[in-house]
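To start, the structure itself, in structure tokens.
No hydrogens, no waters, no symmetry mates; every other heavy atom, side chains included, goes into these values.
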Amino acid sequence: MSSVVVMGTQWGDEGKGKIVDHLAEQAQVVVRYQGGNNAGHTVVVKGIESKLNLLPSGILYPGKTCIIGNGVVIDPGHLLKEIKAMLAKGVDMSGLKISNRAQVILPYHRLLDEADEDARGESKIGTTKRGIGPCYVDKNARVGIRIVDLMDREEFAGRLKVNLAAKNELLTKIYGKQPMDYDAVLAEYLGYADELRPYVADTIFTLHDAINNGDRILYEGAQATMLDLDFGTYPYVTSSHPIAGGVCVGAGVGPKAIDKVIGVVKAYTTRVGEGPFVTELHEETGEMIRQRGHEFGTTTGRPRRTGWLDTVVVKYACMLSQIDCLAITRLDILDTLPSLKICTGYIYQGKPLHEYPASLKVLAQVEPVYEELPGWQTDTTAIRRYEELPLNARRYVERLSECAGARLGIVSVGPDREQTIVLEPMF
Ligand code: GDP
Ligand code: IMO
Ligand code: MG
């Protein structure tokens, strides 16, 4: 096994960063394939926490090649801040490679993200306001600026001039905002270009060289299945493809290059931002999970909405990405509960639904079918072997695996790299 994808099965923040960091020890290359600094991946090593938005979660190991792939949208100022923070901590950055085909987030993307959200009013998406959506819009409209263009002063100056003129029309005439100053943006971004240049490469070739060399590759998803542009709860989604299929276009490999897909599942459900959430808890238990789990967004600090585990969602994610095994995280957050509920189906107009509904109107009306399972009320955070988990904890994760139709691969019982129970070899 030489290529493994780690991706989210719910609405993000499942603990992908932790699982990627854990597995990165065995890999030579770690690749981010989509999203941007809307992601917030937390990695904890010996009690020290690192929050990563754009840098692949393998960066904390020296000597790994860490690729920011062509499918990612890059805010250069933000990326430089992340790089500098890591350098200040003494982290080795020599393995970082930024795709010259990745798209650049410009200040007008952030402004448009905000203006768009304000204009939507009540029906806002609850984006991270990092300019992600507007940047992918430009990519698809074929007016985006790529890293390779940013590296070329003349090319960048020309493209920026045309784009800024168009965006200023939008900002001033449609949204009633101030126009942006061309010279200021140009100077700011040319400065970034010089600082990023040493890391820029045509990463599709770096990656294929590594594949041909027999290296172990780890693909790191950001966001998650239910935020996928095609398969999530549209329009309450992000603008990229977090599913395993996103790896092919976001990194530049064929489907046969993927040997194994690991779906990361939080042991309960959270969602940050607006949109349907069938198993959401509005009462005490939801608040208890939020407090015990410190469920506040890594990127925006917003309180995350919390709810019971929804295996209908996880099963759907397993189908879409042909997930081989599950990495279940944050089991320890449920350690104190006397009993737990798992959603095993949806009822719509009195009948069970067999498909995940595309219509948000239908989704708003479905009733979750719950199974109640006894809790384990035991601290699991020091457990490192599956057999040592309390019986009821094992029953809980085994029921999840059964409903989802994927094997149990990893059970995580704490944020630290070490707090990980591995049930099968991952590479
Ligand atoms: P990601 O976006 O999928 O990488 O997840 P985030 O980093 O946004 O959120 C997951 C949070 O849970 C982070 O604070 C992690 O450090 C933490 N975490 C990951 N796995 C576990 C676990 O098994 N138990 C606990 N208590 N925390 C975990
Ligand atoms: P990680 O990788 C959770 C959500 C936003 C919003 C929607 C669209 O840490 O799991 P966007 O800014 O992408 O246009 O916002 O997607 N969202 C996330 N939620 N985890 C994330 O990333 C997210 N990235 C975006 O809250 O609802
Ligand atoms: Mg996150």
N-O pairing of [X] and [Y] below 4.0 Å:
X	Y	value
Lys167	Asp138	yes
Asp113	Arg130	no
Lys129	Glu117	no
Glu25	Lys64	no
Arg302	Glu295	no
Glu114	Arg110	no
Glu274	Lys124	yes

If you take all heavy atoms of [X] and [Y], which pair is closest and at what distance?
X	Y	value
Gly69	Ser99	C-CB, 3.6 Å
Leu54	Glu82	N-OE2, 2.9 Å
Gly144	Gln103	CA-OE1, 3.3 Å
Pro425	Lys260	O-NZ, 3.0 Å
Ile145	Leu160	CD1-N, 4.0 Å
Ser240	Gln34	OG-NE2, 3.0 Å

Are [X] and [Y] close enough that some pair of their side-chain heavy atoms sits under 4.5 Å apart?
X	Y	result
Lys97	Thr65	yes
Arg32	Tyr219	no
Val45	Asp21	yes
Arg120	Ile125	yes
Asn37	Ile132	yes
Leu229	Tyr136	no
Tyr234	Met226	no
Ile98	Ile67	no

- [ ] Only pairs at least two apart or in different chains count here, so list each ring-ring contact (aromatic ring centres under 6.0 Å, His included) that has a residue in residues 259-280.
- [x] Trp11-Phe277
Roughly how far, to the nearest 0.5 Å, is [atom2] of [Y] from [atom1] of [X]?
X	Y	atom1	atom2	result
Asn100	Asn70	CG	CG	9.0 Å
Asp228	Asp230	CG	CG	6.0 Å
Lys341	Leu309	NZ	CG	13.5 Å
Arg271	Leu227	CZ	CG	6.0 Å
Thr270	Arg305	OG1	CZ	10.0 Å
Gln223	Met7	CD	CE	11.5 Å

Donor-acceptor under 3.5 Å ([X] side chain, [Y] main chain):
X	Y	answer
Glu14	Gly12	yes
Arg146	Val104	no
Lys266	Asp13	yes
Tyr396	Ala267	yes
Asp92	Gly63	yes
Asp332	Thr380	no
Tyr192	Leu150	no
Arg290	Arg304	yes
Gln419	Ser412	no
Ser3	Ile258	no

Task: Check: Asn168/Tyr108 side-chain N/O donor and acceptor closer than 3.5 Å - done: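 Short answer, no.
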- [ ] Could you tell me whether the side chains of Lys18 and Thr420 share a donor-acceptor contact shorter than 3.5 Å?
- [x]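 Yes - a donor-acceptor pair under 3.5 Å links their side chains.
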Show me the side-chain donor-acceptor pairs of residues 320-328 shorter than 3.5 Å, one per line, residues at least two apart or across chains.
residue	atom	partner	partner atom	Å
Ser321	OG	Ala244	N	3.0
Asp324	OD2	Val261	N	2.8

Could you list the donor-acceptor pairs under 3.5 angstrom formed by side chains in residues 201-209, with sequence neighbours left out?
residue	atom	partner	partner atom	Å
Asp202	OD1	Arg101	NE	3.1
Asp202	OD2	Arg101	NH2	2.8
His208	NE2	Gly252	O	2.7

Task: Arg153, CZ: over 12 other non-hydrogen atoms inside 6.0 angstrom - done: no
Open item on the list: Check this for me: Glu283, atom CD, are more than 12 non-hydrogen atoms of other residues, nucleotides or ligands nearer than 6.0 Å?
Closed with: yes
Open item on the list: Do Arg417 and Tyr61 form a cation-pi contact, if we require the NZ or CZ to be under 6.0 Å from the six-membered ring centre and within 45 degrees of the ring's axis?
Closed with: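 Output yes; distance and angle both within limits.
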Open item on the list: Run Lys16 and Glu220 through salt bridge (charged side-chain N to carboxylate O under 4.0 Å, His left out) and show every step you take.
Closed with: CA-CA 7 Å; Lys16 299 173 292 291; Glu220 175 178 7; over 6 Å; no
TODO: Among residues two or more places apart or on two chains, list those pairs meeting salt bridge (charged side-chain N to carboxylate O under 4.0 Å, His left out) that have a residue in residues 48-60.
DONE: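 Salt bridge (charged side-chain N to carboxylate O under 4.0 Å, His left out) check on residues 48-60 returns Glu49-Lys51.
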Open item on the list: The criterion is side-chain contact (heavy atoms from CB on, under 4.5 Å); which residues satisfy it with Arg292, sequence neighbours excluded?
Closed with: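 By the side-chain contact (heavy atoms from CB on, under 4.5 Å) rule, Arg292 matches Met288, Ile333, Asp335, Thr336.
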Open item on the list: Please enumerate all residues that pass side chain to side chain donor-acceptor pair (under 3.5 Å) together with Ser239, with sequence neighbours excluded.
Closed with: none
Task: Pair Tyr346 and Tyr356, ring centroids less than 6.0 Å apart - done: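 Yes.
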